[in-house]
Amino acid sequence: MTTVSEISKLEGLNEPQLQAVKTIDGPLLILAGAGSGKTRVLTRRIAYLIGDIGVPPWRILAMTFTNKAAGEMRDRVEGLLDRPSRGMWIGTFHSVCARLLRTEHEAAGLGPNFSIYDSTDQLAVVRKVLKASGMSDKDFPPKQVRGRIGQAKNMMSDPDGFARTAHSYYEKQVADLYRGYQAELEASNAVDFDDLLMKSVRLLNDHPAVLKKYQERFEYILIDEYQDTNRPQYLLTRHLAASHQNLCVVGDDDQSIYAWRGADIRNILDFERDYPETTLIRLEQNYRSTQIILDASNAVIANNEGRKGKRLWTDRKGGEPIRLRWTFDEQDEARWLVTTVQELKGVGGLALREQAVLYRTNAQSRAIEEQLVRANLPYVIVGDVKFYERREIKDVLGYLRLIDNPLDVVSLARVINTPRRGIGDTSFNRMMDFAAGTGEGPYGLLGRAEEIPDLSRAAAAKMKRFWAMIEAFREKADQIDVAELTLEVLKATDYAQSLGAAGQEEAEGRRRNLEELLANIEGYVDRAEDTSLGAYLREVSLMADVDEWDDRADALTLMTLHSAKGLEFRAVYITGLEEGLFPIVRAWDEEEEDSTEEERRLFYVGITRAKERLFLSHARQRRRFGGTQACHPSRFLAEIPERLLDEGRRVREVSVAEPARSRRDASPVRHVEVEPSATPTRPQGDLFSDPESDDAEDGVGGDGETGSLSTETGAWVIHPYWGRGVIEARSGSGGDTKLTVRFQGVTKKIVLRYARLLPG
DNA sequence: ATACCCTTCATTTTT
DNA sequence: TGAAGGGTAT
């Protein structure tokens, strides 16, 4: 019997999609080709479970890889249902694990408000452990060590396990570092991204009662992008699904492009072996691309072995042929891109936001950007400088994290002298050494800093003041929301001003970022149920920048092929199709064959992003690592049947290179890639503008002429870092003149010879 | 505190 | 090539 609600939820689905929605019992593997309506199936399936089968939302668990995917899924499910889907767990693997560990923190051996360390924080810990163990960062490059630790965690290997399998000297040393690293995290009540997964699996492994609780609760489990799961994610899924076995995984083995990060394609290839009762459904009808584009993608991917096998088709016959362009060099390629993009916009009527340029490496964006700037074409780079990795953002979040979790040593080290408050490395290290000896955490010690031996009274006093400030915030944190708290922190620390004087471009940029952060936080407070500091940190710690990408602006999108997964554009340009670049080769890489297959999948992902038009380009020579390399066409190009290519371009031609222009006239300014969201109401708007800015702007940016500088007391000066200030005292003469200058908020002693003071 | 000089190192990066 | 990070002189 078909109910009315069923009709609305199931209408417009093709036969396999319908089966995928309605097959709710037992393991289900949905092989969803690119553009085959995967998200549609997932959301309708959840709506069907709740709305028609009557499954309570809290019995459903859905895990994705990105916040964006999770958010979209939740929104669409709620749109299909007439009631809210409260209690349903829809989130990224990491957020689900964080929630699990938070709820079961005692069994997991964590404090309730543990910090989540990102890769920069990890690096700080590795450096610290490296120093403590006396090893050289030449022999053990921190990034490499971090990488090895991550690999170990991806294989569920803890320090003991790692040490057992470490045979070489290098590996044994790394095992020691791993042990120290983990001890640091523990002392800081912190976990890294990999820990979220690994510790969750451990929790379920070691605590049968906890395992049972969640196994029984989650009657229906859905996993998106299953081809990208790593070992811990695979184990987590298996644990949770073991009792009900109502596990639905969606994926495409042909789009597995993260093996280098620990994703194991065997998870999807062996699904039917892991779950013998599996129903297999293939979604092969593509609703995105033209026949031509699909033919190209099918032809390319057919060269891979060990696939589940599937063939995309569409009932939209024909389409524009694929255009192949052989250019002289990367500049020529970029010029061709600009012309073609403009042509498609003008004659073809394709808005810039409908077009995307894809490349294998971020470095390739430069030449393209130069030409776009020259042509005045607006563009957006996805995944360039990450918002949450910017110094000023990390600093402010460092304060917030420390207030929430005072054991967080990485955050403490980050902010204790930011802005500078005279607690230098020496004092800090003495404090840390003493703390290590007492076995007490460093934060508590700050409040009794006078007990620390060898510490100057001045340093101790500064530490106590810092501690008292944080303590005051900790008390307030329970009473006010996170937006108010952040404002208080900014005010009390004078952080915005410490970034530099008004008019300095870099400082102003950083202040704009602070404003954006504040807007985000205020947005969070408006939307969230729990507006506390802790709740906010739980969300923001797992934020990535793709989540911020604004695709409404009418600008050309530039991004790596990896970033393009899951997106679609009417026109797609895949550039740099040259041997060595795409497929990329690394001089000392072993498994050549495996990596070529993954590169090919990456090409497949790129091709299948295109709805109507596909452009491919390669250059005859390209500047890389400073030198100019002769380039040969990518092997992948030969895998595209000739008949699919544009008639005129089948004979590959070399376009005439423009005479080299002066390199000077290309603007070095990179675009800001994130559109600032709506400006919030901010009562204390003056936090970001220098109170003296009206006057100061005239002075800064002058030509550095200091001849007319008056060093009399009472005279106004401008310091490039501290801004405008008034001279309170003077001693010495000539270059040795020392001035005491009162700036906004701070008074500084300045040696005239070293400071670049301007008349104010 | 900061300018500047040196070396080093350049795939991809959902959290 | 050129950016970033470390070290050192002023």
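Every chain is numbered from 1 and lettered A, B, ... according to where its sequence line falls, protein lines coming before strand lines.
Between A:R261 and B:dT14, a side-chain N or O to OP1/OP2 separation shorter than 4.0 Å is absent. Proximity of A:N362 to the phosphate of B:dT11: no side-chain N or O atom is located under 4.0 Å from OP1 or OP2. A:R366 has a side-chain polar atom (N or O) that falls below the 4.0 Å cut-off from OP1 or OP2 of C:dA3. Note on A:T361: every side-chain N or O is 4.0 Å or more away from OP1 and OP2 of B:dA10. For A:T560 and B:dT11, the shortest distance from a side-chain N or O to OP1 or OP2 is not below 4.0 Å.
In this structure, A:W260 counts as stacked on the base of B:dT12 under the 5.5 Å centre distance and 30° plane angle limits.
C:dT1 atom P lies 14 Å from atom CD of A:Q621, rounded to whole Å. Rounded to a whole Å, the NE2 atom of A:H562 is 13 Å from the P atom of B:dT11. Straight-line distance from the NZ atom of A:K143 to the C1' atom of B:dT12: 15 Å, rounded to whole Å. The nearest whole Å value for the distance from the CZ atom in A:R601 to the P atom in B:dT12 is 18 Å. Following rounding to the nearest Å, A:M559 (CE) and B:dT13 (C1') show an atom-to-atom distance of 15 Å. A straight line from CD of A:E578 to C1' of B:dT11 spans 15 Å, rounded to a whole angstrom. Computed from coordinates, the A:R360 CZ to B:dA10 P distance equals 15 Å when rounded to whole Å. When rounded to the nearest whole Å, the span between CG of A:L567 and C1' of B:dT14 equals 11 Å.
Each of A:R624, A:R635, A:Q629, A:R622 was scored for a side-chain hydrogen bond (donor to acceptor under 3.5 Å, both in side chains) with A:E578, with one residue passing: A:R622.
Base engagement by A:Y258 is indicated by at least one non-hydrogen atom pair under 4.0 Å involving a base atom. Base contact: A:D228 has a heavy atom under 4.0 Å from a base atom.
With sequence neighbours excluded, no residue forms a salt bridge (Lys or Arg N to Asp or Glu O under 4.0 Å) with A:R609. Not a single salt bridge (Lys or Arg N to Asp or Glu O under 4.0 Å) links A:R261 to another residue, sequence neighbours left out.
Across C:dG2 and B:dT13, the matching C1' atoms stand 22 Å from one another, rounded to whole Å.
For the residue pair A:D195/A:Q182, the side-chain donor-acceptor check at 3.5 Å is satisfied.
The shortest non-hydrogen separation linking A:K565 to A:I257 is CD-CD1, 4.0 Å.
In this structure, the nucleotide among B:dT14, C:dG6, B:dT12 sitting nearest to the side chain of A:R127 is C:dG6. Distance from the side chain of A:F65 is smallest to B:dT14 among B:dT14, B:dT13, B:dA10.
Judged by distance alone with a 3.5 Å cut-off, no donor-acceptor contact links the side chain of A:R623 to the base of C:dT1.
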